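Some notes on the structure that comes next.
Order of listing sets the numbers, starting from 1, for every ligand and every atom in it. Worth saying up front: this structure is predicted, and the values here are computed from it rather than measured.
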Amino acid sequence: MEQFLIDNADRYKELVQAFKPKLTSIKAGTTGGGVANPDFLVSTRIRPLLPDEISQGFPEGVFSRAGDANIVDLHELKKSVRGLPSLNSFSYPVDRVFGPESTTSQVYDDIIRPLVPWAWGGGVSTMFAYGQTGSGKTFTVSGLEEYVAETLMDGGLEGERKLYMSIIELAGQTAFDLLNSRKQISILEDSFGNTQLAGALEHHITTKASCLELIEAAASLRRTAPTLKNDSSSRSHAICRIRIENPSIPSAEDGLLYLIDLAGSEAARDKTTHDAARMKEAREINTSLSVLKDCIRGRALVDLDLPSAGSGTKKAYVPFRQSTLTKTLKHVFDPAPTAGMRRSCKTVVVACVNPCLADTNASKNTLRYAELLRVVVLPKKAAAYNPNVPATWNNEQLRGWIANSSGTTPISADLLAPTESGAQLLRLPIPEFIARCLKTPGGGVSTEQATAFQSKFWQLHIDNSRSQLSATADNGKPEAKLTRMERLDSSADIESPPDAKDVPFKERIRPGMVVSYRSMGKAGALGPKQMGVVLSRAEAVGERVRDVYGVQVNPTLSGDSEGAKGERYLCSMVIPAILPGAYDVSLWRQAVVAVEEMEAEIILEWDMATRYYYMTV
Ligand SMILES: Nc1ncnc2c1ncn2[C@@H]1O[C@H](COP(=O)(O)OP(=O)(O)OP(=O)(O)O)[C@@H](O)[C@H]1O
């Protein structure tokens, strides 16, 4: 086939010259009638042909469409039984295309630069480079890392921050610290649900040079193995994480900036020379890339409050626990809130493409993958202004509300929302919201006032979402259209059988029941009121299970005759969330509660809008 391509290169070039695209030009930032999501961009970078590809006589098969910043055209030469070879052409819309003449500096300025202030302000920013082996991922990521280091260190970003860098490598299920001689590390989820890189070193970075030194040291340790396409092909995912601490708001979540050089998806040509171990490695890489795709798309759908395709109204599912790569990136994908709030994320994917005509099959796979990642938002008619719905406010209305509602020391609307609409301010990372409030001249605004004002703004948004939700429920979908789960959820009888109130709650304790309790200290003193979800009887768990305080759960195995007295249950703790009156269930934090410590049964109601529980009884 390769010889056929080389022999017919002139005919192929003529056909490409004569190619007339079917798709009409699409305005930048829009695709197929939809609008690119500014918090989630999918771009393509087509590298130039390399000297050996040129010397072999291969022409280019992938092009950035002239005059259109978001269409990639891919051509193949088809053999025909009779007559001359003909052209097979495909077009792929993305949010931004960078052709072979584009520099890394242009890629940075166009799509990556905004990620840096976002993470600086406390958000989560992620850049993935994806593509076939040898398509330019490492070239792109290493160049971008330099620009990121420069932006972080050149003093142009406002405020003081402490920066910490870690660089790890994931190869299959195993993780290594590339800043500590490839020492093996563990990816663990702690009892608060946060992912920890247990054993990985974090380096405090203070200058661009120290940052680049670390990046260079990590690159030299990256696991490599030869493939046909690239002599130093990366067979692992490399994750560079910069954690950005804001010392002036100690309660704020740290900003996170991830730069990720994914392992190469392999060309079919390459696979023919693989032994069993390399084939297994390739399978693992492809599986993790497939889970990554589902997670990226799922999270974008969740953020836009859209259901997953073909699922009716079902919320999109983000399967981030299905691979080590996505587990490591829990902060990016987990739609459930951590410490009370879902993290505000900006994500950019750079799909790197090798333009060589001999590799168009692999390039097609990369471009299809990029296409699948994209969640196009159909332009919505702006909702009519409603003074109780922040998402309907334009910048002027938002400023008016800030001026009137921010307290006796008014927060500067010019500084908090210089250009944002209400919907945009809702997406702002909380630390950035607070930092902007604190800039109000005169120094009269305290962190407490700023935090309370942020909660007030959110509360307004949430109250509105809740009332919309209950209005929808009242207008009612026809009963027949509810799913079985929805019918169960909406049936109060399921939770509270009519005669339940006649039976003391301690006689009907069962898994799933929520109880309030006060732990009894050794001296018989009662601790503060807490809540837990009953999981099982303490006797039902194995010998090694310990609760959050390190106590062995099953008393019959510990030989603790005191503990063995009375019924005891293993419970997951219910903890207050950041919003007033809201609770979260921390499944991983478990405590043993004796029945005699329990005080009452609690009914918690799940609220779809805030994704928290609220007490109804
Ligand atoms: N935009 C570009 N301009 C010039 N050369 C490039 C460009 N992109 C990539 N290259 C060159 O192409 C070759 C392969 O690039 P690179 O190693 O970045 O590929 P890769 O996708 O990371 O491959 P692998 O997955 O196998 O690690 C390198 O020699 C690199 O210098």
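Checked by distance only, ligand 1 and Ala263 stay at 3.5 Å or farther apart across all their nitrogen or oxygen atoms. Taking only nitrogen or oxygen atoms, main chain and side chain alike, Leu262 does not reach within less than 3.5 Å of ligand 1.
Less than 4.0 angstrom separates some heavy atom of Arg45 from each of these atoms of ligand 1: 1 (N). Against a heavy-atom cut-off of under 4.0 Å, Gly264 is close to the following atoms of ligand 1: 25 (O). Ligand 1 places these atoms under 4.0 Å from at least one heavy atom of Leu50: 11 (C), 12 (O), 13 (C). When each atom of ligand 1 is checked for a heavy atom of Ser135 under 4.0 Å away, the hits are 19 (O), 20 (P), 21 (O). Taking every non-hydrogen atom of Thr138 and a distance limit under 4.0 Å, the qualifying atoms of ligand 1 come out as 18 (O), 20 (P), 22 (O), 27 (O). Of all atoms in ligand 1, numbered sequentially from 1 with element shown, those under 4.0 Å from a heavy atom of Gln132 are 21 (O).
Residues Phe40 and Lys346 fail the side-chain proximity criterion, which asks for heavy atoms closer than 4.5 Å.
Side-chain rings of His75 and Phe19 approach one another, their centers coming within less than 6.0 Å.
The minimum heavy-atom distance linking Leu257 with Ala119 is given by the pair CB-CB, 3.9 Å.
Taking the charged nitrogens against the carboxylate oxygens, Glu76 and Lys78 have no contact shorter than 4.0 Å, which rules out a salt bridge.
Within a 6.0 Å radius of CD in Glu101, other residues, nucleotides and ligands contribute more than 12 heavy atoms.
Residue contacts with ligand 1 for Pro48 involve side-chain atoms from C-beta outward but no N, CA, C or O (heavy atoms, distance under 4.0 Å).
Of the candidates Phe139, Phe98, Tyr130, it is Phe139 that places a heavy atom closest to atom 1 (N) of ligand 1.
With hydrogens and angles left out, the side-chain atoms of Ser43 and Asp95 include no donor and acceptor closer than 3.5 Å.
Cation-pi check for Arg113 over Tyr108 is not met; the charged atom does not lie both under 6.0 angstrom from the ring centroid and within 45 degrees of its normal.
Not a single heavy atom of Cys352 sits under 4.0 Å from any atom of ligand 1.
For the atom pair Phe333 CZ and Thr347 OG1, the distance stands at 7.0 Å (nearest 0.5 Å).
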